[in-house]
Colleague: 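Handing you a structure now.
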Amino acid sequence: MNLLSTLNIVALLTPPEGAEFIAVVPATIVTLVAVAFILIDIFHRQGSPRDYLAYFSVIGLGVAAASSWYLWDSGLERAAFFGMLYFDQFALFFSALACITAALAILCSPAVLQSNRMDRGEYYLLILFSVIGMIVMAAAADLLTLFIALELMSIPIYVVAGFLRKDSRGAEASMKYFILGSISAALMLYGIALIYGAAGTTNLEYIANNLTYLTSTADGGYGLVMVGMVLIMSGFLFKVAAVPFHVWAPDVYTGAPTPAVGFMAAAFKAISFAALLRVFMVAFPAEILRGGFFGLGWIDIAFVAAMASMVLGNFVAVMQNNVKRMLAYSSIAHAGYILVGLVAANVHDQFYLHNDAILFYLVTYTFAVVGAFGVLSYFGRRGQAVETYEDLGSLGLKHPFMGLVMGIFMLSAAGFPPTAGFLGKFYIFRSGVDVFAQTGETAMLVLVVVGVLTSVVGAYYYLKVLVHMFMKPAKREFEPLEHTGTRWSVAICAILTMYIGIFPAQTIDISRDAVMDMRGVSEEVEDVIETGQEQLEALVEEEEY
Amino acid sequence: MAWVSTLGTYWEPTLAHFLLLSAAVFCIGLVGVMVRRNAIIVFMSIELMLNSVNLTFIAFARYRFEMDGHVFAFFVMAVAAAEAAVALAIVIHVFRHKRGVSVDDLQELKY
């Protein structure tokens, strides 16, 4: 006993703030699932299929998503673990989104892996690890946590990209993704180092404080901050596949296993936009750093990237013959649309609440893209996988269910009512028009007009898929990969796409709550949120009368 | 030749020297990634970039008498080790298919 008290073991074991451990609950659940997964995989009998492991990880991810839902109202005021991790509705929103995306993608996977004779447990494990990184990244309150989470998110996916090891294109995709991903991580890290040098800290809120002081005194160090900020931005633009950091996307999307591409395309984009929004709104809110519309701050970088992504993504997608490559270029275009929302919502503090359009768009985009890649993986038997438009010929007539859901996904991605994609685009462009109406900035209007026109171009290649599926003759016979998991996954995606399209109120409310609850934002933004909340309450009261 | 006379005297490098060195090493790494064809050397160049960032962190941390930068450098080293493990696996994977590790062989996926 005496020894115990001298060593003070109890004090050592007591965490600094016991209540803070709630902040890692979703990430811990996924970690425990991953560890349990390793143990179960050891006892797997050779030669039997691993479907049950896929279902196990889906259930685990479902529990993690449910925990985010359960903890929705129990956020922490300040960043947990000495200012390392936020725990707010914004982080919970994205942890749930990452878990659901991963679960839907994993459901499609067993059939593809078995057909390629690569039915290994590691595939699911790597995706689980990547999800842990995503959950932490959306909650990062320090550039250190951000960088570790970014690498934890990316490194497993470098391996997953080349997972089908009998396929030489997978190897190529993996190598290209790794080289370009590491360079972008190194550039971002250099940016973090420069910001650390200028601000003297890596905590986002302290950076904001110190930089506001630094930029107001006009004492040296401003150039350092600018270079650091641009480098960090380039790292994020790489992860969301925005022009000019998009070159990896088409190659990786073509070479990687199809269900994993759905996960990569949807979840990476969502989480990277979450972290981008958090880092830039918390750490760089100073007017001089933001520099909307050609003051040349980060808003202007996003402006140029948005314009270039929309134009290049859509027009190059038109020229593609390979369906997966077309979807890759269209995902570049989608990154452009989301950047339009980002520019509109953050150009001045007063428009901050428009950020809910981005979150809503990410939800609609997720289900459409995961579903589309799920359908492609259904026709992905080894040796006779669907590659080009011609391969799709009359598949929609032979497999009416897959034809129907693919129709829903393509219409949603193109932005036709009554699917969710239409409302996503509508809210994004509406926030842009609203900003134009209130500030009179022509640049904003130009961006929105370009967005609308290029999305008309986008309708061409999405509808081309449907034309081939329903109206063109079949070139060769395809034996689909019958699997219950794939059917369930695409069915859930299709139902959610239609549901959000017809009853969007719930999803919009959740996105708005998540945006309003973001911690660490500047005082000006907090005032805007408070006014928004009051207006909302007044609106609700009015409705009640 | 004024600088020759300073060689013998006591001379201490300042923050700017460290930053210039790390920026130079970073650029060497970046150029190496772009011009070298051998995948292994490309990975070495990436490691060079990460380590030059470490030098920046350490220099700033020493300059400010703080520990944050030192800690960050350790984390970067751990991440670099994880990246290297994955990198070598990918190189072997590519070697099995292409019988070589030149990045010029990676031409199946284009346009």
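Letters A, B, ... are given to chains in the order of the sequence lines, protein chains preceding strands, and every chain is numbered from 1. This one's a predicted model, so the numbers in the text were calculated from it and none came from an experiment.
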Colleague: Specify which of Thr201(A), Leu144(A), Thr202(A) makes the most heavy-atom pairs with chain B at under 4.5 Å.
Modeller: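 If we count pairs closer than 4.5 Å to chain B, Leu144(A) comes out on top.
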Colleague: Among residues 230-238 of chain A, which residues come closer than 4.5 Å to chain B, judged by heavy atom distances?
Modeller: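 Residues of residues 230-238 of chain A touching chain B at under 4.5 Å: none.
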Colleague: Which residue out of Gly181(A), Gly200(A), Ala185(A) racks up the most heavy-atom pairs below 4.5 Å with chain B?
Modeller: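 Highest number of heavy-atom pairs under 4.5 Å: Gly200(A).
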Colleague: Between Ala61(B) and chain A, which part of the residue has a heavy atom less than 4.5 Å away: side chain, backbone, both or neither?
Modeller: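 Both parts, backbone and side chain.
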Colleague: With chain B, which of Val247(A), Asn322(A), Ile192(A) has the greatest number of heavy-atom pairs at distances under 4.5 Å?
Modeller: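 Most pairs with chain B among the choices: Ile192(A).
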Colleague: Mind ranking Gly255(A), Pro156(A), Ala186(A), Ala171(A) by heavy-atom pairs under 4.5 Å with chain B and telling me who comes out on top?
Modeller: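 Between Gly255(A), Pro156(A), Ala186(A), Ala171(A), the count favours Ala171(A).
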Colleague: Hey, what's the ring geometry for Tyr190(A) with Phe26(B), parallel, tilted or perpendicular (30° and 60° as the breaks)?
Modeller: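 Rings of Tyr190(A) and Phe26(B): parallel, as their planes differ by under 30°.
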Colleague: Anything under 30° is parallel, anything over 60° is perpendicular, the rest tilted; go ahead and classify Phe43(B) against Phe178(A).
Modeller: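 Perpendicular.
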Colleague: Which bit of Val42(B) is near chain A, if near means a heavy-atom gap under 4.5 Å: side chain, backbone, both or neither?
Modeller: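 Only the side chain of Val42(B) comes within 4.5 Å of chain A.
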Colleague: Please identify, among Leu106(B), Val86(B), Asp105(B), the residue contributing the most non-hydrogen atom pairs under 4.5 Å to chain A.
Modeller: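 Ranked by contacts with chain A, first place is Leu106(B).
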Colleague: How many angstroms lie between OG in Ser168(A) and CZ in Arg96(B), if you round to the nearest 0.5 Å?
Modeller: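 So the gap between those two atoms works out to 14.0 Å.
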Colleague: Tell me which of these, Leu187(A), Val159(A), Leu194(A), Ile183(A), has more heavy-atom pairs under 4.5 Å with chain B than the rest.
Modeller: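 Of the candidates given, the most pairs with chain B belong to Ile183(A).
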Colleague: Would you say the side-chain atoms of Arg64(B) pair up with the backbone N or O of Gly197(A), donor to acceptor, closer than 3.5 Å?
Modeller: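 Checked: pair present.
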Colleague: Side chain, backbone, both or neither: which part of Leu152(A) has an atom under 4.5 Å from a heavy atom of chain B?
Modeller: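 Neither part.
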Colleague: Testing the basics here: between Leu50(B) and Leu189(A), what is the closest heavy-atom pair and its distance to 0.1 Å?
Modeller: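 Closest approach of Leu50(B) to Leu189(A): CD2-CD2, 3.7 Å.
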Colleague: At a heavy-atom separation under 4.5 Å, does Ala85(B) approach chain A through its side chain, its backbone, both, or neither?
Modeller: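 Looking at Ala85(B), nothing touches chain A.
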Colleague: In terms of heavy-atom proximity below 4.5 Å to chain A, should Leu15(B) be classed as side chain, backbone, both, or neither?
Modeller: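 It is neither, since no heavy atom gets under 4.5 Å.
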Colleague: List the atom of Lys98(B), the atom of Glu172(A), and the distance in Å for their closest heavy-atom pair.
Modeller: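 Minimum heavy-atom separation between Lys98(B) and Glu172(A): NZ-OE1, 3.6 Å.
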Colleague: I need the residue from Ala82(B), Ala89(B), Ala87(B) with the largest number of non-hydrogen atom pairs under 4.5 Å to chain A.
Modeller: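 Option with the top pair count is Ala87(B).
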Colleague: In terms of heavy-atom contacts, does CZ of Arg169(A) have more than 12 from other residues, nucleotides or ligands at under 6.0 Å?
Modeller: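 Yes, enclosed.
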Colleague: Do side-chain atoms of His93(B) reach the backbone of Gly170(A) as a donor and acceptor pair under 3.5 angstrom?
Modeller: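 No: the side chain of His93(B) does not pair with the backbone of Gly170(A).
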Colleague: Should we count CZ of Arg382(A) as having more than 12 external heavy atoms under 6.0 Å?
Modeller: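 Yes, CZ of Arg382(A) has more than 12 neighbouring heavy atoms, counting only those of other groups under 6.0 Å.
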Colleague: Determine whether the aromatic ring centres of residues Tyr196(A) and Phe72(B) are separated by less than 6.0 angstrom.
Modeller: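 So the answer is no for these two rings.
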Colleague: Select one option (side chain, backbone, both, neither) describing which atoms of Asp167(A) are under 4.5 Å from chain B's heavy atoms.
Modeller: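 Looking at Asp167(A), just its backbone touches chain B.
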Colleague: Can you name the closest pair of heavy atoms from Ile46(B) and Ile179(A) and give their distance?
Modeller: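 Residues Ile46(B) and Ile179(A), closest heavy atoms: CD1-O, 4.0 Å.
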Colleague: Non-hydrogen atoms of chain B under 4.5 Å away: do they reach the side chain of Ala161(A), the backbone, both or neither?
Modeller: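 Nothing of Ala161(A), per the 4.5 Å heavy-atom cut-off to chain B.
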